[in-house]
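Structure first, then comments.
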Amino acid sequence: MEDQSCSSVEIDDFDSYDHNSPWALDIGGTLIKLVYFSREDGCLENSFGNSVRLEEVGLETSSKNYPILDGKLHFKKFQTSKINECLDFIESKLLQGSCCRHQEVSGKKKLIIKATGGGAYKYADLFKEKFGVTFDKEDEMNSLVSGANFLLKAVPCEAFTYMEGRKDFVQINSSDLFPYLLVNIGSGISMIKVVGDGKFERVSGTSLGGGTLLGLGMLLTKCQSFDDLLEMSHKGDNRNIDMLVSDIYGSDYSKIGLSARTIASSFGKVIFDNKELKDYKKEDIARSLLRMISNNLAQIAYLIAMWHGKLKRIIFGGSFTRSHEYIMETISDGVEYWSKGETKAMFLRHEGFLGALGAFKSYEKHGLGSLMGHHLSEQSPVASPRPQLEQKSNGPLLVESTDAESVGCCILGSDTMKRT
Ligand SMILES: Nc1ncnc2c1ncn2[C@@H]1O[C@H](COP(=O)(O)OP(=O)(O)OP(=O)(O)O)[C@@H](O)[C@H]1O
Ligand SMILES: CC(C)(CO)[C@@H](O)C(=O)NCCC(=O)O
């Protein structure tokens, strides 16, 4: 039963709300992702906590007579099973008057939050009853693609490859971005062929995803959380659980390209061990599970990329990778192995927020203006890692590049917001 313990928030003066405080939610099967904008007056903070005047970074506050709303874009996650924590957070922001935007619908002002993911449907009534907030629903796949395109085109140091312990940033030229395969690893996995802005097809999917890793992990290792499971996997050795080619051949099987270390059968060693679950180290199980799911999805992703026009770029999103080195390494190795070195897996720094960002971006349709940013990451001599440029990007960047939970950004006003 849903917890109704929070008192509902009374909103009696809509005009006191800043109509430029857009919020967007992506409510998935496992996690809720929230992206929201908060205004700051006249200056932005760069990644290093220094204040920067907009003029200093090449943006004039009165540019073209359109307002520029400067502030921060915040990224937050909650567990879907603990949706009340998300509700409490939103309630606290509502009470501060800093959440949502209002929109006039048939003469009445309504509080609106953009929402995507399955929960946009499942929890719409809960939000309505609790706060009087209406979900303006955005399609999940559309939001994922819009968020990914936005990050790939606009944010420096967003996409990177991860091989042999090395992270190399890749700035992709916008004119050479498409087509690519977006593999969104959430609870389940969606594979989307993206051929342009708003042009895509969900070409495949698999139920063996992040939820499978966490679900099996909780059953087999009694871990309490995803972080626990990742932590355990660091210390484990999958060779105590997995059957390797060397376990079967005594050596490699080089004639068909299998090294001695290749996993011939995930969890395959268990069948001969005559042991019980408690006899295995949970760290080894965690490692084995992580390799099994990551290898499998890398292989499927590669096959789908080939099947749908030999797509050279495979970009992995979703909260599963969490910039976790071993996961990225395993996925990269899988793609490298199956493509015989022709294709590289790419990852995104804001990987978990594609859907929420896409939903957030959709405010543009309603005349809110464009999410913009600037070269703030270039402000400091110790700035973020330099991108390995496929081609140098130019033009305005949209969001300050940083791993932090919030990033400096601004919204460039549109015609409907034009100053008089
Ligand atoms: N803090 C966390 N708690 C639980 N799972 C996590 C966490 N961090 C990362 N994960 C992993 O990420 C997965 C969820 O990813 P994501 O948020 O992209 O999916 P979702 O939107 O909840 O699912 P779906 O899109 O299938 O509805 C989990 O299944 C788990 O493997
Ligand atoms: C159902 C969704 C789209 C919800 O995000 C996702 O969990 C998914 O793509 N699952 C895989 C379903 C399948 O294609 O078999």
Practice problem: Kindly indicate whether the side chain of V203, heavy atoms from C-beta on, has any atom under 4.5 Å from the side chain of L181. | Solution: yes

Practice problem: Decide if atom CG of N274 counts as having more than 12 heavy atoms of other residues, nucleotides or ligands within a radius under 6.0 Å. | Solution: no

Quiz item: When you check the side-chain N and O atoms of S143 and S146, is any donor under 3.5 Å from an acceptor?
Solution: no

Quiz item: Hey, which of K93, K72, H74 is the one that makes side-chain hydrogen bond (donor to acceptor under 3.5 Å, both in side chains) with S38?
Solution: H74

Practice problem: For K128, look at atom NZ and say whether over 12 heavy atoms of other residues, nucleotides or ligands are found less than 6.0 Å away. | Solution: yes

Exercise. Hey, could you give me the CD1/CE distance between I172 and M346, rounded to the nearest 0.5 Å?
Key: 4.0 Å

Practice problem: Would you mind reporting whether M328 and F316 have side-chain heavy atoms less than 4.5 Å apart? | Solution: no

Practice problem: Would you indicate whether the side-chain heavy atoms of L94 and L111 approach each other to under 4.5 Å? | Solution: yes

Practice problem: Ignoring hydrogens and angles, tell me if any N or O in the side chain of E158 forms a donor-acceptor pair with the backbone of R349 under 3.5 Å. | Solution: yes

Quiz item: Counting only heavy atoms not in K344, do more than 12 sit closer than 6.0 Å to its NZ atom?
Solution: no

Exercise. Give a yes or no on whether the backbone of Q224 and the side-chain of D228 come within a donor-acceptor separation of less than 3.5 Å.
Key: yes

Practice problem: Using a strict cut-off of less than 4.0 Å between a Lys/Arg side-chain nitrogen and an Asp/Glu carboxylate oxygen, indicate whether D242 and R287 qualify as a salt bridge. | Solution: no

Exercise. Quick one: pull up CG in N84 and CD in E91 and give me the separation to the nearest 0.5 Å.
Key: 10.5 Å

Quiz item: Counting only N and O atoms by type, is there a donor-acceptor contact under 3.5 Å from the side chain of K33 to the main-chain atoms of L31?
Solution: yes

Quiz item: Any donor and acceptor pair, going by atom type alone, linking the side chain of N296 with main-chain N or O of I293 inside 3.5 Å?
Solution: no

Quiz item: With distance as the sole test, does T80 use its side chain to make a donor-acceptor pair with the main-chain N or O of G28 at under 3.5 Å?
Solution: yes

Quiz item: Under a 4.5 Å cut-off applied to non-hydrogen side-chain atoms, are I241 and N238 in contact?
Solution: no

Practice problem: May I have the step-by-step check of salt bridge (Lys or Arg N to Asp or Glu O under 4.0 Å) for D237 and K281, ending in yes or no? | Solution: CA-CA 9 Å; D237 184 346; K281 280 176 69 181; over 6 Å; no

Practice problem: Dump the intermediate steps for side-chain hydrogen bond (donor to acceptor under 3.5 Å, both in side chains) on S175 and N173, then the final yes or no. | Solution: CA-CA 5 Å; S175 61; N173 189 310; 2.7 Å; yes

Quiz item: Please walk me through it: do L25 and C86 pass side chain to side chain contact (heavy atoms under 4.5 Å, CB included)?
Solution: CA-CA 10 Å; L25 281 165; C86 174; 4.1 Å; yes

Quiz item: Is there a side-chain contact between Q299 and Y337, using heavy atoms and a 4.5 Å cut-off?
Solution: no

Quiz item: Within a strict 4.5 Å, meaning less than it, do heavy atoms of the N149 and K361 side chains meet?
Solution: no

Exercise. Check the pair L354, F150 against side chain to side chain contact (heavy atoms under 4.5 Å, CB included), reporting the backbone distance first and the verdict last.
Key: CA-CA 9 Å; L354 306 186; F150 166 71; over 6 Å; no

Quiz item: Counting distance only, does the side-chain N/O of E201 pair as donor-acceptor with the main-chain N or O of I192 below 3.5 Å?
Solution: no

Quiz item: For the residue pair F353 and F75, does the interplanar ring angle fall in the parallel (under 30°), tilted (30 to 60°) or perpendicular (over 60°) class?
Solution: perpendicular

Self-check item: Nearest non-hydrogen partners of I27 and F127, listed with the distance
Solution: CD1-CE1, 4.4 Å

Quiz item: Backbone N or O of L177 within a donor-acceptor pair of the R313 side chain at under 3.5 Å?
Solution: yes

Quiz item: How many angstroms lie between CG in L348 and CG in L182, if you round to the nearest 0.5 Å?
Solution: 7.5 Å

Quiz item: Parallel, tilted or perpendicular: which describes the rings of F178 and Y180, with under 30° parallel and over 60° perpendicular?
Solution: parallel

Quiz item: Take atom CZ in R202; do more than 12 heavy atoms of anything else shown fall under 6.0 Å from it?
Solution: yes

Exercise. Give a yes or no on whether K222 atom NZ has more than 12 heavy-atom contacts from other residues, nucleotides or ligands under 6.0 Å away.
Key: no

Quiz item: For T330, does its backbone N or O pair with a side-chain atom of D333 as donor and acceptor, under 3.5 Å?
Solution: no

Practice problem: Working to the nearest 0.5 Å, report the span between CD1 of I315 and OG1 of T161. | Solution: 11.5 Å

Exercise. Could you label the plane-to-plane angle of the W23 and Y36 rings as parallel, tilted or perpendicular, counting under 30° as parallel and over 60° as perpendicular?
Key: parallel

Quiz item: Can you tell me if S362 uses its side chain to pair, donor with acceptor, with the backbone of A359 under 3.5 Å?
Solution: yes

Quiz item: Taking atom NZ of K77 and atom CD of Q79, what is their separation to the nearest 0.5 Å?
Solution: 10.5 Å

Exercise. Start with the C-alpha gap between D247 and L244, add the side-chain angles, then the distance that decides, and say whether side chain to side chain contact (heavy atoms under 4.5 Å, CB included) holds.
Key: CA-CA 5 Å; D247 293 319; L244 308 186; 3.6 Å; yes

Quiz prompt | Distance in Å, I327 CD1 paired with E329 CD, rounded so as to fall on 0.5 Å steps | solution = 12.0 Å

Quiz item: Would you say V133 and I90 make side-chain contact, with heavy atoms under 4.5 Å?
Solution: no

Self-check item: Residue from S187, S81, S319 passing side-chain hydrogen bond (donor to acceptor under 3.5 Å, both in side chains) with T30
Solution: S187

Exercise. Would you please indicate yes or no on a ring centroid separation below 6.0 angstrom for Y162 and F347?
Key: no

Quiz item: Any luck finding a side-chain donor-acceptor pair between S190 and N184 under 3.5 Å?
Solution: no

Practice problem: Among F78, F131, Y123, find the one that has a side-chain contact (heavy atoms from CB on, under 4.5 Å) with L87. | Solution: F131

Self-check item: Side-chain donor/acceptor of E351 to backbone N/O of F320, under 3.5 Å
Solution: no

Exercise. Using the side chain to side chain contact (heavy atoms under 4.5 Å, CB included) rule, take L73 and F37 through it: C-alpha gap first, then chi angles, then the decisive distance, then the call.
Key: CA-CA 5 Å; L73 204 57; F37 178 78; 4.3 Å; yes

Quiz prompt | 4.5 Å side-chain heavy-atom contact, V183 and I189 | solution = yes

